[in-house]
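Keep in mind that what you see is a predicted model, and the values were worked out from it rather than measured.
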Amino acid sequence: MGITLSDATIALLDGKNYAVLATLNADGSPQTSAMWVLRDGDDLLFSTLEGRLKHRNMLRDPRVSVTVLDFADGENYVELRGRATITHDDDLRVGHRLSWKYDGKDHDEPAPGQVRVAVRVEIDKATGYAA
């Protein structure tokens with residue numbers, strides 16, 4: 001069971017703030033990606049394409065870190081650590097929610113042969129100014 005998020009963390013996650021996802025490469029080195037994120041209760045949601053490096057990394061090692069930076073005040077941030085679970089996002093439910101939050105429209109359909117996945121992170125630890 002994950003932790004309960006603080007009000008300051010919830011405000012960051014619910015705002016139109018970008019996040020940086022960190023995963024672990026096969027050799028143990030970090031890999032980072034800028035991401036759109038959503039909150040579902042005290043869990044974090046995001047989306048990616050099957051086969052991307054971050055996807056492959058999370059399949060091999062589900063431990064992740066996500067840092068969310070306040071768009072208006074870069075010193076206000078939170079780092080969230082937890083474990084990722086991945087499911088297919090066939091109906092683009094997560095993809096559309098993300099796109100509406102950040103872009104104000106439905107998410108583009110994946111190109112032929114591409115599979116969009118939804119990632120849920122149960123948060124084990126929160127650190128940072130907004131933790």
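The heavy-atom pair separating Asn57 from Leu24 by the smallest distance is CG-O, 3.1 Å. Residues Asn76 and Ala130 come closest through the heavy atom pair OD1-CB, 3.3 Å. Between Ala131 and Thr9 the shortest heavy-atom distance is CA-OG1, 3.7 Å. For Glu75 against Tyr129, the heavy-atom pair with the smallest separation is O-CB, 3.6 Å.
For the residue pair Ser29 / Gln31, no side-chain donor-acceptor distance below 3.5 Å is found, with atom types taken as modelled.
Under the 4.5 Å side-chain heavy-atom criterion for Ile, Leu, Val, Met, Phe, Trp and Tyr, Trp36 and Ile123 are members of the same hydrophobic cluster. In the hydrophobic cluster analysis, where Ile, Leu, Val, Met, Phe, Trp and Tyr join through side-chain heavy atoms closer than 4.5 angstrom, Val37 is grouped apart from Leu49. There is a path of hydrophobic side-chain contacts, each under 4.5 Å, that joins Leu21 to Leu59. Met35 is connected to Val94 through a chain of hydrophobic side-chain contacts under 4.5 Å among Ile, Leu, Val, Met, Phe, Trp and Tyr, so both are in one cluster. By the criterion of side-chain heavy atoms lying less than 4.5 angstrom apart, applied directly or through intervening Ile, Leu, Val, Met, Phe, Trp or Tyr residues, Leu38 is not grouped with Val20; the two fall into different hydrophobic clusters.
Annotation for Asp7: atom CG does not count as buried by contact number, only 12 or fewer foreign heavy atoms lying within 6.0 Å. Heavy atoms of other residues, nucleotides or ligands lying less than 6.0 angstrom from OH of Tyr102 number more than 12. Counting non-hydrogen atoms of other residues, nucleotides and ligands closer than 6.0 Å to NZ of Lys101 gives a total above 12. Heavy atoms from other residues, nucleotides or ligands lying under 6.0 Å from CZ of Arg39 number more than 12. The local environment of CZ in Arg60 is crowded, with over 12 non-hydrogen atoms from other residues, nucleotides or ligands closer than 6.0 Å.
The only member of Asn17, Ile10, Leu12 that meets side chain to side chain contact (heavy atoms under 4.5 Å, CB included) when paired with Asp14 is Ile10. Applying side-chain hydrogen bond (donor to acceptor under 3.5 Å, both in side chains) to Arg120 and the options Asp43, Thr87, Thr85 leaves one that passes, Asp43.
A salt bridge does not link Arg116 with Asp89: every distance from a Lys NZ or Arg NE/NH1/NH2 to an Asp or Glu carboxylate oxygen is 4.0 Å or more. Salt bridge status for Arg81 with Asp124: absent, with no side-chain N to carboxylate O gap under 4.0 Å.
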- Task: Using the side chain to side chain contact (heavy atoms under 4.5 Å, CB included) rule, take Leu80 and Leu5 through it: C-alpha gap first, then chi angles, then the decisive distance, then the call.
- Result: CA-CA 10 Å; Leu80 305 168; Leu5 300 176; 4.3 Å; yes
- Test log, rule side chain to side chain contact (heavy atoms under 4.5 Å, CB included), inputs Val119 and Lys54: CA-CA 11 Å; Val119 181; Lys54 60 184 156 273; over 6 Å; no
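Although no hydrogens or angles enter the test, the distance criterion places no donor-acceptor pair under 3.5 Å between the side chain of Asn25 and the main chain of Asp27. The backbone N or O of His96 sits nowhere less than 3.5 Å from a side-chain atom of Asp106 that would complete a donor-acceptor pair. In this structure, Asp61 contributes its side chain and Arg63 its backbone to a donor-acceptor pair below 3.5 Å. Put simply, the side chain of Ser99 gets close to the backbone of Lys105: a donor and an acceptor are under 3.5 Å apart.
Note: His107 NE2 to Leu92 CG = 7.0 Å, rounded to the nearest 0.5 Å. Rounding to the nearest 0.5 angstrom, the gap separating the CZ atom in Arg52 from the CD atom in Gln114 is 7.0 Å.
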